[in-house]
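Chain identifiers are assigned alphabetically (A, B, ...) following the order of the sequence lines, protein sequences preceding nucleic acid strands; residue numbering begins at 1 within each chain.
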Amino acid sequence: MRYRIDSETEEYITIATVRPETILGDTAVCVHPNDPRYAHLAGKFCFIPLVNRRVPIIFDDYIDLEFGTGALKVTPAHDINDYNLGLKHGLPVIDTLNEDGTMSEAAGLYIGQDRFAVRKQIVEDLRALGLIVKEEDYVNQVGFSERTDVVIEPRLSMQWWCKMQEMAKPALEAVEADEIAYHPIKFKNLYRHWMSNIKDWCISRQLWWGQRIPAWYDNEGAIYVAETAEQAHEAYKAQKPALAAQFPELRQEEDVLDTWFSSWLWPMEVFGWNKQPDNKDLAYYYPTQTLVTAPEIIFFWVARMIMAGYEFTGKKPFSEVYFTGIVRDKQGRKMSKSLGNSPDLLQMIDDFGADVVRFSVMISSPAGNDLLFDEGQLEQGRNFCNKMWNAMKLVKGWEDRCAEGLDDSQVTFAINWMEARLAEVSAEVSEMMKDYRLSEGLKTIYSLVWNDFCSWYLEWVKPAQDQPISVAVYDRTIAIFEQLLQLLHPYLPFVTEDIYHILKDRTEGDDLIVRQLPAYPVPASEVLKSGSLLQEIITAVRDTRVKNQLKPKDVIKLSVDTANQAFYTQVTGILKRQINAGELVYTSATVAGSISLVVQTDKLYIEAPDVVIDTTNQRLQMEKDLQYYRGFVVSVEKKLLNEKFVANAKADVLENERKKHADALAKIKTLEESLA
RNA sequence: GGAAGCAUAGCUCAGCUGGUUCAGAGCAUCUGCCUUACAAGCAGAGGGUCCGCGGUUCGAACCCGUGUGCUUCCA
């Protein structure tokens, strides 16, 4: 449509709009300062059609040169961007809409008619005046009310605000100084940014449900803010006795408070702070320990609770905040009622058990990261519970086979190793717990139970079929099992408690849920290293067996060329059983007709009497290894010969490099000898 | 429009202070096993341009810049 320019000659400026009814509220026309088409209009005015209001033509680089005609009608009352333009250029604001969407008095025309009717009518009226240039279909984004599904019209209104600047200060400082610690820490950034650019808080809502704002109006529009209606009336009478005598009633504000305006009191209000600020519970529990919540409400709720805490009690509301992730479906969508993509928790608990559901959520919940809910994790949890149950069955089955006075020297190593692992992992897990790395903690315990305990330890101490087991080994195994269950208890409370009580008769009150973790000694690193070595040997031999098509039942003879016979002596029983070796002997020479392999710097020779052995593959593998280690030595030497590296690297890093170098050289030597 | 975050195995993700926990886990895949706790299991294996480009450093998955893609919050 065309707006007439205020000039001697008849001249128009053409403007496009999808909301023609809003022209009644126009208070300017805006063009880009660099637009040659409109440069001559500097300082000029134009007339708003129909109402014939004379408004300025303003220049602002907010305008997109390419878009439409390059000229924008500015309606500060009914568009947020126009409103900001109006503020910047000091434009008047004309609110042309009533609350019910009809045109207001201020519109000057079509008063009382619905906005959509006016939208059509005004086009006809403009056309009659010859001001319509062109009409075309146009698709644009329009907001609809979530509740009433009605098109939302931006409109100016009076609202209540809470001044935030002062309150934000101590709240920001507390988090910056880790007086209140965030987990994970990355949310500090977000918080800092928001708090240092904090805006005043619009606390009024036009809803029927909620706490009404405690403000009262008199007939002259004066406002009385008070705790109660009585107090408001008293203030009214005191200030305006004459008016109060004539009109004794005050009208309370109909707007209610934003729901967060009460929620921000939560940490103290749960202890009854409002009615009794000095009560015992509050004194004992406040400030509280840890708030667990979602990162999406860090501003709505967390920041405001912190501000309220300092504002009203002078103290922080809590010491730590743990932000969980948001559970999403497999496609990464938020779970919601309207999408219907929330899993049925009760059904899942029926199908898998409460512990398993808890497991599946915990295993995939790194703090602050969203988790995609996957049924596969339920299976993993179920399998894990089964694994522990079966381990319990195995161990419990030994109870009747316990015997005194047995020689358990062959399994002592296993027990010492497992106890050391338990101590080691337990320390790791407590560190993770302290840092709220909950999923990592669970993964660590999971691996300790499944791999260390079930796959290695139990196999190492397991008596042969129908053979008795030493009481000492049994008791220590039970003790280890108990401690594993205890570590796991926070994650799987029901299953662990159940197994704990099946493992042994318990006295009243001897429950996992109240049991304290023992103080573990510092684990012996020698034992741990020997354990890894033993595992490495077993895995290497098994791998060799598979690669050479030895059947599990084929009994082998193992010859070992080592400088560390003491170690092998200690674990002979375990080793022989784990690799199905009938014999373990020591040698210092190559064993002819055997498969040879190298573990660290020990040379192992496998003979299988009844099986024809082809060592070609084995030799090829060793040659590949040899090549790798030679390259490795070169790269390490390069580092060690680099003066800057030697000068700059930390002492332990340097030492480590030297050790790597020596180890690799020893390995090469061993490989070369084996291949000779 | 403003801001924050993410990008690592086929999938979902760990990886803290730059250097052996350094390229990992689970699932999936392949091979062999009904071995007397467990086949929902056991044993073994394969699989990677740590998104692209540039920089800092003796040294980068990690720090900085930049590009691309995605997510979220605010307006």
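- Taking atom P in both B:C6 and B:C51, one finds a spacing of 12 Å when rounded to whole Å.
- Taking atom P on both nucleotides, B:C70 is separated from B:G24 by 31 Å, rounded to a whole Å.
- With distances taken from any side-chain atom of A:P552 to the nucleotides B:G41, B:C33, B:A45, the minimum falls on B:C33.
- In this structure, A:N197 places its CG atom 9 Å from C1' of B:A3, rounding to the nearest Å.
- Among the atoms of the strands shown, none is found under 4.0 Å from any heavy atom of A:K659.
- Residue A:Q465 is classed as a base contact, given a heavy-atom separation below 4.0 Å to a base.
- As the counterpart of B:G1, B:C74 is assigned, both hydrogen-bonding distances of the Watson-Crick or G-U wobble pattern falling under 3.5 Å.
- Side chain of A:L190, nearest nucleotide from B:A4, B:C16, B:A43: B:A4.
- Side-chain N/O atoms of A:Q347 and A:D351 include a donor and acceptor closer than 3.5 Å.
- Between A:K660 atom NZ and B:G59 atom P there is a gap of 15 Å when expressed in whole angstrom units.
- Looking at heavy-atom distances under 4.0 Å, A:W398 makes no contact with the nucleic acid at all.
- At a threshold of 4.0 angstrom between heavy atoms, the contacts of A:F632 include nucleobase atoms, whether or not backbone atoms are also involved.
- Using a 4.0 Å cut-off, no side-chain N or O of A:S447 falls inside it from OP1 or OP2 of B:A25.
- Remark: the separation of the C1' atoms in B:U17 and B:C74 is 34 Å, to the nearest Å.
- Toward the 5' end of RNA chain B, the nearer of the two residues A:Q535 and A:N656, judged by each one's closest nucleotide, is A:N656.
- A donor atom on one side chain and an acceptor atom on the other are not found under 3.5 Å apart for A:Q578 and A:E459.
- By the 4.0 Å N-to-carboxylate-O rule, A:D452 lies close enough to A:R421 to be salt-bridged with it.
- A close approach under 4.0 Å does occur between a side-chain nitrogen or oxygen of A:K387 and OP1 or OP2 of B:C42.
- By the 4.0 Å N-to-carboxylate-O rule, A:E153 lies close enough to A:R19 to be salt-bridged with it.
- Contact annotation for A:K462: base contact, defined as any heavy-atom pair under 4.0 Å involving a base atom.
- Outside the 6.0 Å centre-distance limit, the rings of A:W450 and A:F453 are not counted as a close aromatic pair.
- Comparing atom distances between the A:Y446 side chain and each of B:A45, B:C58, B:G26 picks out B:G26 as nearest.
- For the OP1/OP2 pair of B:G44 and a distance below 4.0 Å, the side-chain nitrogens and oxygens of A:T539 include at least one atom meeting the criterion.
- Residue contacts shown for A:R542 are limited to sugar-phosphate atoms, with no base heavy atom under 4.0 Å away.
- Here the side chain of A:K443 is nearest to one of B:A37, B:C13, B:C16, namely B:C13.
- The nearest whole Å value for the distance from the CD atom in A:Q578 to the P atom in B:A43 is 9 Å.
- Partner assigned to B:C6 is B:G69, using Watson-Crick or G-U wobble distances below 3.5 angstrom.
- The pairing partner recorded for B:C16 is none, the criterion being a Watson-Crick or G-U wobble arrangement whose two distances lie under 3.5 angstrom.
- Straight-line distance between the P atoms of B:A75 and B:C58: roughly 48 Å, to the nearest whole Å.
- Not one side-chain nitrogen or oxygen of A:W456 sits closer than 4.0 Å to the OP1 or OP2 atom of B:A43.
- Using N1 to N3 plus N6-O4 or O6-N4 for Watson-Crick, or N1-O2 and O6-N3 for G-U wobble, each under 3.5 Å, B:G41 pairs with B:C33.
- Nucleic acid contact class of A:N648 (heavy atoms, under 4.0 Å, all strands): base.
- A straight line from CE of A:M195 to P of B:C73 spans 20 Å, rounded to a whole angstrom.
- The separation between A:I298 atom CD1 and B:G5 atom P is 12 Å, rounded to whole Å.
- No donor-acceptor contact under 3.5 angstrom links the side chains of A:D60 and A:H32, judged on distance only.
- Pairing for B:U56 is absent, judged as Watson-Crick or G-U wobble with the two contacts each under 3.5 Å.
- For A:Y491 and A:T496, the side-chain atoms include no donor-acceptor pair closer than 3.5 Å.
- Of the C1' atoms belonging to B:U8 and B:G48, the separation is 8 Å, rounded to the nearest Å.
- Nucleotide B:G46: unpaired (no Watson-Crick or G-U wobble partner with both distances less than 3.5 Å).
- Residue A:W450 places its side chain closer to B:C42 than to any other of B:C42, B:A37, B:G19.
- Here the CG-CG distance, from A:D355 to A:D498, works out to 9.5 Å after rounding to the nearest 0.5 Å.
- Taking atom CZ of A:F323 as the reference point, atom C1' of B:U72 lies 14 Å away to the nearest angstrom.
- Side chain A:E459 to base B:A43: no donor-acceptor pair is found below 3.5 Å.
- If you measure from atom CZ of A:F359 to atom P of B:A40, you get 18 Å, rounded to the nearest angstrom.
- With 3.5 Å as the limit, one finds a donor-acceptor pair spanning the side chains of A:Q159 and A:S157.
- When both distances must be under 3.5 Å, the Watson-Crick or G-U wobble mate of B:A61 does not exist.
- Distance check on atom C1': B:U20 versus B:A61 gives 15 Å, rounded to whole Å.
- For the pair A:N548 CG and B:G32 C1', the computed distance is 14 Å after rounding to whole Å.
- Residues A:N383 and A:V646 both approach RNA chain B. Their nearest nucleotides, taken by heavy-atom distance, put A:N383 toward the 5′ side.
- Counting only heavy atoms from C-beta on, A:K393 has its side chain closest to B:A37 among B:C74, B:A37, B:G44.
- For the P atom pair drawn from B:C64 and B:A7, the interatomic distance equals 14 Å after rounding to whole Å.
- As the counterpart of B:G26, B:C11 is assigned, both hydrogen-bonding distances of the Watson-Crick or G-U wobble pattern falling under 3.5 Å.
- Considering only the side chain of A:R382, B:A40 comes nearest among B:A43, B:C16, B:A40.
- Rounded to whole Å, the P atom of B:U31 lies 15 Å from the corresponding atom of B:G46.
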